[in-house]
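All values below come from the heavy atoms of this structure, side chains included, with hydrogens, waters and symmetry mates left out.
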Amino acid sequence: MPHRPIRLRNEEADTEVRAGLDRIRQEMAVPGAFPEAVRAEAEAAAMRAPAPVPDVLDLPFFTIDPPGSMDLDQAMHLERRPGGHRVHYAIADVASFVTAGGAIDAEAHLRGVTLYLPDENAPLHPRRLSEGAASLLPGERRPAVVWTIDIDGSGTITDVAVRRALVTSRDRLDYDGAQREATADERIVLLAEIGTVLLEAEAARGGVSLPLPEQEVVRTDGSWELAFRGGLPSETWNAQISLLTGRAAARLMLDGGIGLLRTMPAPPADAVEQLRRVAEALGIDWPKDRSYGAVVRDLDPENSRHAAFLHEAVGLMRGAGYTAFTGGPPADENAVVHAAVAAPYAHVTAPLRRLADRYVTEICLALAAGTPVPEWARAGLPDLPEVMQRSLQRSGSVERACIDLVESLLLRDQVGKVFDAVVIDVSGNGSGGLVQLLSPAVLARCDGDGLPLGEPVKVRLEEADPARRQVRFSFSG
């Protein structure tokens, strides 16, 4: 039974991983190089001087992103105010570089989102913009759309303003570094304060943030391996700033009667009741008067039973989509609220990586200024839900395929071996389920009857097929 990390180290393994990733690109039609017209338009846009804007904000903005990121959409400056806090959130002003109806715009509608693969991403916009002229890189004065949001001590939004400005990010942080400085760096101290207040407000609304780490492929020092990313408080606090801005944008659009919302229906009562039965089976206390969001908030994903419950809770977060509207807010409540946020919400903070965010940004700017919404943004709204849904589905499929590939390559020489694992899902018919290995970071199908949900088990590797990107275990006891 392996007790040390399993890695793909040699040149042959590297070649196999890259060949497998190329197959995924071909099978899933991952976009490749940009057409010449798109590259030329991006080069010209990058060379243009920024359009004049009324404000130059000389605030000490900073960014927090995964290590090595170059497509930096957001930078923040935080401050305390009497009775609350003020958030300045600068978002890359992509519309100042992209001409509506031009070559970059047309290509962005085909791509929808940036696709991230372990060796190289497939960006929404040419790198000359997404990782260069439009990115909020440190030390560079950049055009941005700056949200200024005031919240009180309970996390309630008390004032919102949004306008164009030139900003300069002073520092680029990553999540690990920010966490290490959580008590020493006043910026992160403030981020923790605001993030905690917003998390408490989310819980009070009935919202839920699942503290589940994400499985990812990692390449370090010439080797490939699997790891779980996330779970750091700094990442959670950072996400709350983005969610706050998305809620502010949604409210502005609903009041203005035009916009694009990110929505999710409330889970059906029978699904919630089934999750209650899972909680009871796992020995997790869930009082009748407590929401599942409040229960989730107290759980530790390092606890095997809690991890199983959290995996089951993901099943309640289904049906996410987009709702475009003009002429007034949608009449259907399910077309307005995002159940996990427990409030109206919009995607607005990642325009370098998501097409919809550029539209939402321009609509919000116009509504805040009391000027007409640009005709290109109004005319493009009806088609965006389908474009975004298709793009996000492809993104999820590509990400899963990459993980399946590396899982099968890591384990193909281990067939017949027994591993320690935790059962995190059991099939409805009681036959088989899903297990999470303790090492490496693998989630895979496990055959066998009587799998004990939330319990540590031993599983035998029966199959690891890189050609089909499939891994399968059997229950050993």
Side-chain angles (χ1 to χ4, degrees), residues 195-215 228-233 235-237 239-240 243 264-320 337-343 419-439 441-446 448-459 473 475-477:
T196 300
V197 167
L198 293 175
L199 282 166
E200 290 171 352
E202 178 184 82
R205 293 193 309 270
V208 56
S209 296
L210 290 178
L212 273 176
E214 296 180 8
Q215 195 181 15
F228 286 111
R229 182 185 66 81
L232 288 176
E235 209 164 340
T236 303
W237 302 328
Q240 284 297 318
L243 289 169
M264 180 187 291
D270 59 341
V272 177
E273 191 54 39
Q274 171 61 28
L275 189 61
R276 281 189 176 276
R277 290 194 287 271
V278 170
E280 183 177 1
L282 292 171
I284 294 172
D285 185 36
W286 186 351
K288 281 289 185 183
D289 60 349
R290 204 165 187 222
S291 70
Y292 83 94
V295 174
V296 160
R297 195 176 181 214
D298 292 338
L299 300 184
D300 176 8
E302 296 296 321
N303 179 302
S304 61
R305 289 173 176 256
H306 292 185
F309 180 84
L310 290 169
H311 181 83
E312 294 292 324
V314 172
L316 298 189
M317 296 186 175
R318 291 179 177 160
V337 173
H338 191 292
V341 181
F419 293 78
D420 290 318
V422 172
V423 180
I424 60 172
D425 189 27
V426 176
S427 301
N429 61 9
S431 177
L434 190 68
V435 294
Q436 175 179 313
L437 299 195
L438 301 188
S439 177
V442 168
L443 300 173
R445 168 78 190 178
C446 182
D449 296 332
L451 283 173
L453 184 63
E455 295 294 332
V457 293
K458 294 189 181 300
V459 295
F473 293 87
F475 181 31
S476 293

Colleague: Taking all atoms of both residues into account, what is the closest heavy-atom pair of A441 and Q215, and its distance?
Modeller: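 That closest heavy-atom pairing would be O-NE2, 2.7 Å.
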Colleague: Only counting residues at least two apart or in another chain, list the ones meeting side chain to side chain donor-acceptor pair (under 3.5 Å) with R445.
Modeller: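 R445 satisfies side chain to side chain donor-acceptor pair (under 3.5 Å) with S427, D447 only.
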Colleague: Within this structure, what is the CG-CG distance for the pair L282 and L453, rounded to the nearest 0.5 Å?
Modeller: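 Reported value, rounded in 0.5 Å steps: 4.5 Å.
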Colleague: Minimum heavy-atom separation for W286 and A279, please, with both atom names.
Modeller: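 So the two residues come closest at CE3-CB, 3.9 Å.
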Colleague: Could you please spell out the steps behind the side-chain contact (heavy atoms from CB on, under 4.5 Å) verdict for L437 and F473?
Modeller: CA-CA 10 Å; L437 299 195; F473 293 87; 3.7 Å; yes
Colleague: List the atom of T196, the atom of R297, and the distance in Å for their closest heavy-atom pair.
Modeller: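 What the structure gives for the nearest pair is O-NH2, 4.4 Å.
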Colleague: Would you list the pairs meeting side chain to side chain donor-acceptor pair (under 3.5 Å) in which at least one residue belongs to residues 268-280, sequence neighbours left out?
Modeller: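 Residue pairs with at least one partner in residues 268-280: Q274-R277.
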Colleague: I'd like to know whether F309 forms a side-chain contact (heavy atoms from CB on, under 4.5 Å) with L275, so could you lay out the CA-CA distance, the side-chain angles of the two residues, the decisive distance to 0.1 Å, and finally the verdict.
Modeller: CA-CA 8 Å; F309 180 84; L275 189 61; 3.7 Å; yes
Colleague: Only counting residues at least two apart or in another chain, list the ones meeting side-chain contact (heavy atoms from CB on, under 4.5 Å) with A204.
Modeller: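 A204: no side-chain contact (heavy atoms from CB on, under 4.5 Å) contacts found.
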Colleague: Once you round to the nearest 0.5 Å, how far does CG of L198 lie from CH2 of W237?
Modeller: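 These two atoms lie 12.5 Å from each other.
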Colleague: Look up atom CD1 in I284 and atom CZ in R305, then write down how far apart they are to the nearest 0.5 Å.
Modeller: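 Answer rounded to 0.5 Å: 8.5 Å.
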Colleague: Taking the side chain as every heavy atom from C-beta outward, state whether C446 and V423 have any atom pair closer than 4.5 Å.
Modeller: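 No, their side chains stay 4.5 Å or more apart.
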Colleague: What verdict does the side-chain contact (heavy atoms from CB on, under 4.5 Å) test give for V341 and R205, after you've listed the backbone C-alpha separation in whole Å, the side-chain angles of each residue and the deciding distance to 0.1 Å?
Modeller: CA-CA 8 Å; V341 181; R205 293 193 309 270; 3.9 Å; yes
Colleague: Sequence neighbours excluded, which residues qualify as side chain to side chain donor-acceptor pair (under 3.5 Å) partners of S304?
Modeller: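 Not a single residue meets the side chain to side chain donor-acceptor pair (under 3.5 Å) criterion with S304.
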Colleague: How would you list all residue pairs meeting side chain to side chain donor-acceptor pair (under 3.5 Å) that involve residues 307-318, not counting sequence neighbours?
Modeller: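 Qualifying pairs: none.
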Colleague: Testing the basics here: between A342 and V337, what is the closest heavy-atom pair and its distance to 0.1 Å?
Modeller: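 Reported closest heavy-atom pair: C-CG1, 4.3 Å.
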Colleague: Check whether any side-chain heavy atom of H338 sits under 4.5 Å from a side-chain heavy atom of M317, and report yes or no.
Modeller: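 H338 does not reach M317 side chain to side chain.
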Colleague: Without swapping roles, check the side chain of H306 against the backbone of L299 for a donor-acceptor pair under 3.5 Å.
Modeller: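 No.
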Colleague: Which atom names give the shortest non-hydrogen contact between L451 and V426, and what distance separates them?
Modeller: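 Shortest heavy-atom separation between L451 and V426 comes out as O-CG2, 3.6 Å.
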Colleague: Decide yes or no on side-chain contact (heavy atoms from CB on, under 4.5 Å) for E455 and V422, but give the supporting numbers first.
Modeller: CA-CA 6 Å; E455 295 294 332; V422 172; over 6 Å; no
Colleague: In chain order, what residues pass the side chain to side chain donor-acceptor pair (under 3.5 Å) check against D298, with sequence neighbours excluded?
Modeller: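 D298 satisfies side chain to side chain donor-acceptor pair (under 3.5 Å) with R290 once adjacent residues are dropped.
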